[in-house]
Every structure is written in C-alpha cells, then in structure tokens.
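Residue numbers begin at 1 in each chain, while the letters A, B, ... track the order of the sequences. Owing to the predicted nature of the structure, the values given are computational and were not obtained by experimental measurement.
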Number of protein chains: 2
Amino acid sequence: MPAGYDIREFPAFAVTVDIVILSVVDGVLLVLLIERKDKPFKKAWALPGGFKRPDETLDQAARRELREETGVDAPRHISQFGAYGDPKRDPRGNVVTVGYLAVTPEVGAIMAGTDASDARLWPVAQVLDGSVTLAFDHRRILADAVERAAADLESSALATAFLGPTFTLSELQRVYEAVWADDLDTANFRRSLVSSPDASYVEPTGRRAEPGGRGGRPPELFAAGGSWTEDGSPVKRPRRRGRAR
Amino acid sequence: MPAGYDIREFPAFAVTVDIVILSVVDGVLLVLLIERKDKPFKKAWALPGGFKRPDETLDQAARRELREETGVDAPRHISQFGAYGDPKRDPRGNVVTVGYLAVTPEVGAIMAGTDASDARLWPVAQVLDGSVTLAFDHRRILADAVERAAADLESSALATAFLGPTFTLSELQRVYEAVWADDLDTANFRRSLVSSPDASYVEPTGRRAEPGGRGGRPPELFAAGGSWTEDGSPVKRPRRRGRAR
DNA sequence: CGGGTAAGGGTCAAGGTGACATGATCCTCG
DNA sequence: CGAGGATCATGTCACCTTGACCCTTACCCG
C-alpha cells in the first residue's frame with residue numbers, strides 16, 4: 001500500500017469548536033461563558049463549544065453547539081477566526097479546536113430562558129485582564145476573537161449584528177466604542193452614516209425610540225441599509241498617535 | 001466515568017496543514033503547487049502540506065511541512081487563515097485541514113534546488129479560473145488565501161515579505177498590483193511611502209539597482225522601515241465604483 | 001548625439017476628517 | 001408651568017488626504 005493512502009496510519013485528533021458570543025449592553029462588551037460541570041477544569045468558566053461530528057462541517061458544528069448550549073438558533077453573525085492545536089492545550093491531549101465568533105442582539109433575553117445558573121455574560125475586559133480565569137487556552141482564543149471583531153467592525157456590517165432590526169445611532173455608536181475601547185465624536189459618527197447621497201448605510205424608519213427616562217430628545221430609529229457589504233463600514237477606527245482612552 | 005471526560009469516546013479525525021505559498025514574478029501572482037504521487041488525486045496538482053503530529057502545534061506543523069516539501073526554511077511571512085472540515089473534502093474521510101499563507105521572496109531560487117519535476121509555480125489566475133485543476137478543495141482554499149493576502153496587504157507589512165531585504169519602489173508597487181489585480185498610480189504610490197516626515201515605511205539605502213536592460217533611469221534601493229507594524233500599510237486599495245481592470 | 005524608457009518630483013482641485021459650536025426636543029423636578 | 005439638564009440633531013471651518021496629471025531627471029541603446 002503506497003504511503004499516504006491509508007489514513008489510519010496517521011495520528012488521530014479530537015476536533016472541537018469553541019464559540020465566542022459577544023454582546024454589548026449599556027456600552028460594555030460582554031462575552032457568554034459557561035461553568036464547566038466535568039473535569040478537566042471542573043467549575044471553571046469556559047467558552048461554549050463541543051466536539052465536531054464526522055458527518056458535519058465545522059460551520060455546522062459551530063451552529064449546532066451554539067444552538068444546543070445557548071439556545072441561539074439564528075445568530076446575526078457567525079464566522080470562523082482561528083484554529084488552535086497546541087499539544088498541551090488540553091490535558092486530555094490531542095484536541096484541535098476551531099474558534100468561532102458569534103454575535104446576536106438578543107443574548108441577554110435568550111440567556112434568561114436557559115438555565116442561568118451555569119451560564120452568564122461577563123465583561124470582556126475583566127476576562128482579558130485576568131480577573132476571571134478561563135479553562136484551557138480560552139483566554140487566548142477570546143483575545144483573538146475580540147481582535148478579529150474589532151477589525152471586522154471596520155470592514156463589514158458586523159456592528160449592526162449587535163443590534164436588533166431597528167436601532168438608534170447612539171446605540172450603534174456604543175457598539176463601536178465598546179469593541180474598540182475608544183470614544184467617537186457623535187456628530188462625525190452621524191455624518192459618516194447619514195450624509196452620503198448615493199450610499200445607504202442606515203435607512204430612517206420615521207419612528208422614534210421610547211424616551212430613555214433620563215431626559216433628552218427621543219432619538220430616531222434606523223434600519224440597516226445595503227451599502228455595508230459593498231464598501232465596508234463608513235466608520236473608521238481612530239488611529240491614535242499616542243495612547244487610547 | 002463522567003460524560004466528556006474520556007476523549008476516546010469521541011470521533012477521531014486526521015488533521016493536516018495545507019500551505020499556500022505565494023510569489024510575485026514579473027508582476028504576476030504565482031502559487032507553488034506540487035504534483036501528487038499517491039492516490040487519491042494521483043498526478044493532480046495540489047497545495048503542499050501534510051499531517052500534523054501529536055507533539056507539535058499547528059504553526060510548527062506548517063513550518064515543518066513548508067521546509068520538508070519546498071526547502072523554505074525561514075519564510076518572510078507565514079500565518080493561518082482558515083480551517084476546513086467538510087466531511088466530503090477528502091475521499092479518505094474525516095480529514096480536517098488548516099490553511100496557512102506563506103510568502104517568501106526566494107521561491108523561484110529555492111525551487112531550483114528541489115526536485116523540480118513535481119513542483120512548480122503556477123499563475124494564481126489560471127488556477128482560480130479553472131484552467132488548472134486542483135486536488136481536494138484546494139481551489140477554495142487558495143481563493144481564501146488570496147483574499148486574505150489582499151486584505152493583509154492593506155493592514156500589515158505583507159507586501160515587503162514578497163521582496164528581499166532591499167527593493168525598488170516599482171517592485172513593491174508590482175506586488176500590490178499583482179495581488180489586487182488593479183493598477184496604481186506610480187507618483188501617488190511613491191508619495192504614500194516616502195512623503196510623511198515622522199513615519200518611516202521605506203528607508204533609502206543610497207544604493208541603486210542595476211540597470212534593467214530596457215533603458216530607463218536606474219531606481220533607488222530601499223529597505224523596509226518600522227512604521228508598518230504601527231499603522232499598517234500606507235497604500236490603500238482602490239475602491240472602484242464600477243469594475244476593476 | 002538623439003530618441004526611448006523608466007524613475008523621481010511637483011501641482012491642483014475635490015472630497016474626507018477632526019474639532020467644535022449651535023440649535024432642537026424632550027424629560028424631570030421644583 | 002417654567003427652569004435646567006440631558007440627549008439628539010445640525011452646521012461650520014480648517015486641515016489633510018486622495019486622485020489625476022504633467023514635467024523633469026537619468027540612463028540605455030543605436
């Protein structure tokens with residue numbers, strides 16, 4: 001039998017998918033974590049995920065695990081961002097995992113429906129700075145996912161995936177500010193989305209949001225337009241010459 | 001024994017790495033392909049690659065396969081861009097592969113050193129339009145790699161990885177034009193790299209390249225500067241409102 | 001020496017960006 | 001019911017970047 005033909009001659013790995021589900025609530029970037037029930041890393045916080053099955057693609061595995069572990073059936077965004085195969089990343093050995101980034105506006109509401117005791121949203125900043133410890137190499141995976149999300153905000157319609165079908169411009173701005181950990185000028189932000197005559201990033205609905213309780217003029221509600229896919233996001237990430245905020 | 005503990009209960013996969021080695025020669029974007037010696041897809045062209053070993057990371061596997069199959073020891077750039085796990089992607093079944101993009105300026109010279117009979121550079125355009133047929137799902141993988149390379153040209157120093165330690169500005173411009181399949185204005189290209197007072201993308205060496213044989217002023221030789229990593233590439237991809245070239 | 005070729009440098013107008021000021025609308029509270 | 005605060009919405013202006021184009025410089029070749 002020629003070399004390379006029989007696949008059984010080669011080392012076998014378990015393949016998993018791990019899902020980074022991001023959300024922005026009150027201007028804070030959050031990630032959905034679950035508390036592990038089994039060894040290893042029992043009772044530690046971890047990214048939701050699970051084993052790929054032989055009869056499904058990686059994308060299908062990611063969507064299945066997302067549905068099974070969080071109840072999210074149709075995420076507004078899901079995309080692969082990296083694969084991890086360090087031999088020491090799982091004490092059980094030989095586990096290669098593929099990371100997926102998922103975004104959906106209703107994470108908070110959906111979580112209330114599932115068993116909330118072993119799953120909750122954590123501020124990403126707390127996890128990345130070590131205040132919350134994650135199992136396996138999930139902190140590294142989370143960091144990569146956030147980095148990818150920050151980059152995709154600038155080149156796709158990812159920001160709108162954090163919000164519902166209609167949203168206010170300040171809600172959209174808070175998404176950018178939370179993911180980029182930077183402040184944007186309100187007036188310039190509005191101009192970049194509304195001004196252009198031929199491009200349509202947001203379409204006015206004519207309706208207004210409910211007043212926010214803290215006073216202030218009720219903002220107009222917009223829906224996502226069609227220009228995102230062609231030209232990417234009109235909002236540019238500030239290139240600070242010195243320090244960020 | 002608790003569920004999820006024993007890894008052997010779960011389906012086993014073979015894990016491979018496939019490497020897309022790109023090069024620009026005479027303004028044409030090329031990819032290194034090898035001719036398969038074994039079934040399946042015997043005698044078809046394919047991306048170099050091979051099986052990950054249990055004691056190495058994915059990155060290490062990619063570098064090892066790159067070295068073993070092409071002789072490239074220290075590529076100027078190598079990065080992961082995607083994982084592929086369609087159950088039908090390999091007729092032997094259950095093979096998950098991780099794609100790597102590699103760029104090195106000396107591909108042509110290195111190829112002469114290896115057994116040239118079963119490895120050669122092909123124009124990417126010919127492969128993507130179907131003139132050359134690839135094994136497995138390697139055409140899809142190649143397309144993803146080229147797309148990633150085009151994006152990374154704009155946000156990193158990837159362009160300089162196609163060239164040696166010193167290069168002329170027109171050589172650098174041809175890299176951008178080949179990967180983007182678009183023409184750039186020579187004067188504006190130069191300005192974006194040279195003009196800025198505080199940033200240093202290219203540093204003049206004072207030396208000049210050998211005359212090119214077809215007449216013309218011999219160009220100045222530059223070395224890559226340090227501003228690429230901070231601010232990304234100063235060259236912006238043309239956003240054509242209609243068709244490309 | 002003269003023409004061909006490519007590098008290198010300059011100009012100009014149009015549009016985008018950052019910073020900031022001003023006006024509009026609604027809430028809460030006294 | 002009016003004042004003040006909060007937020008949304010609009011306007012202005014200087015500066016920078018970008019795209020398009022022209023012209024000069026330097027070298028090779030016949």
Side-chain angles (χ1 to χ4, degrees), chain A residues 26-27 154 166-174 176-177 180 182-199 201-222 227 231-242 244-245, chain B residues 26-27 154 166-174 176-177 180 182-199 201-222 227 231-242 244-245:
Chain A
D26 294 332
E154 207 166 358
T166 65
F167 49 85
T168 71
L169 292 186
S170 62
E171 286 172 345
L172 187 62
Q173 183 177 346
R174 273 198 292 272
Y176 281 93
E177 292 178 330
W180 286 343
D182 206 340
D183 292 317
L184 302 177
D185 183 280
T186 309
N188 295 335
F189 181 82
R190 169 182 302 273
R191 180 179 57 190
S192 68
L193 288 161
V194 174
S195 71
S196 47
D198 40 276
Y201 292 100
V202 291
E203 294 180 349
T205 62
R207 299 185 299 118
R208 313 192 135 212
E210 297 302 310
R214 275 180 310 183
R217 175 177 177 171
E220 191 175 0
L221 283 172
F222 292 86
S227 296
D231 305 308
S233 166
V235 183
K236 306 242 166 71
R237 188 172 189 173
R239 315 248 174 249
R240 301 235 181 276
R241 274 283 165 195
R245 83 173 170 192
Chain B
D26 294 333
E154 208 166 358
T166 64
F167 49 85
T168 71
L169 292 187
S170 61
E171 285 172 345
L172 186 62
Q173 183 176 345
R174 274 197 292 272
Y176 281 93
E177 292 178 330
W180 285 345
D182 205 341
D183 293 316
L184 301 176
D185 182 279
T186 308
N188 296 337
F189 181 83
R190 168 181 303 272
R191 180 179 57 190
S192 67
L193 288 160
V194 174
S195 71
S196 47
D198 40 277
Y201 293 101
V202 291
E203 293 181 349
T205 63
R207 298 186 300 118
R208 312 195 135 211
E210 297 301 311
R214 276 179 310 183
R217 176 178 176 171
E220 190 174 1
L221 283 173
F222 292 86
S227 295
D231 306 308
S233 165
V235 183
K236 307 244 165 68
R237 188 172 188 172
R239 315 249 176 249
R240 300 239 182 275
R241 276 283 166 196
R245 82 171 173 195

Practice item. Using a 4.0 Å heavy-atom cut-off, write out nucleotides 5-13 of chain C from 5' to 3' as B (base contacted by protein), S (sugar-phosphate only) or - (no contact). Key: BBBBBBB--

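Annotation: side chain to side chain contact (heavy atoms under 4.5 Å, CB included) contacts of B/Glu220 (sequence neighbours excluded): B/Pro204, B/Phe222. With sequence neighbours excluded, no residue satisfies side-chain hydrogen bond (donor to acceptor under 3.5 Å, both in side chains) with A/Ser192. With sequence neighbours left out, B/Arg191 forms a side-chain hydrogen bond (donor to acceptor under 3.5 Å, both in side chains) with B/Asn188. The side-chain hydrogen bond (donor to acceptor under 3.5 Å, both in side chains) test applied to B/Ser227 returns no partner, not counting sequence neighbours. B/Arg207 meets the side-chain hydrogen bond (donor to acceptor under 3.5 Å, both in side chains) test with no other residue; sequence neighbours excluded.
For A/Leu193 and C/dG16, the CG to P distance is 14 Å, given to the nearest whole Å. Between the CZ atom of A/Phe189 and the C1' atom of D/dA9 there is a distance of 14 Å, rounded to whole Å. Distance, A/Tyr201 OH to C/dG16 P: 10 Å, rounded to whole Å. Following rounding to the nearest Å, B/Arg237 (CZ) and D/dT17 (P) show an atom-to-atom distance of 23 Å. To the nearest angstrom, P of C/dG18 lies 14 Å from CG of A/Asp183. Atom-to-atom, CG of B/Asp182 to P of D/dG19 comes out at 11 Å; the value is rounded to the nearest Å. Atom-to-atom, CG of B/Asp231 to C1' of D/dC16 comes out at 15 Å; the value is rounded to the nearest Å.
Using a 4.0 Å cut-off, some side-chain N or O of A/Lys236 falls inside it from OP1 or OP2 of C/dT17.
Atoms OG1 and CD, from B/Thr186 and B/Gln173 in turn, are 4.5 Å apart once rounded to the nearest 0.5 Å.
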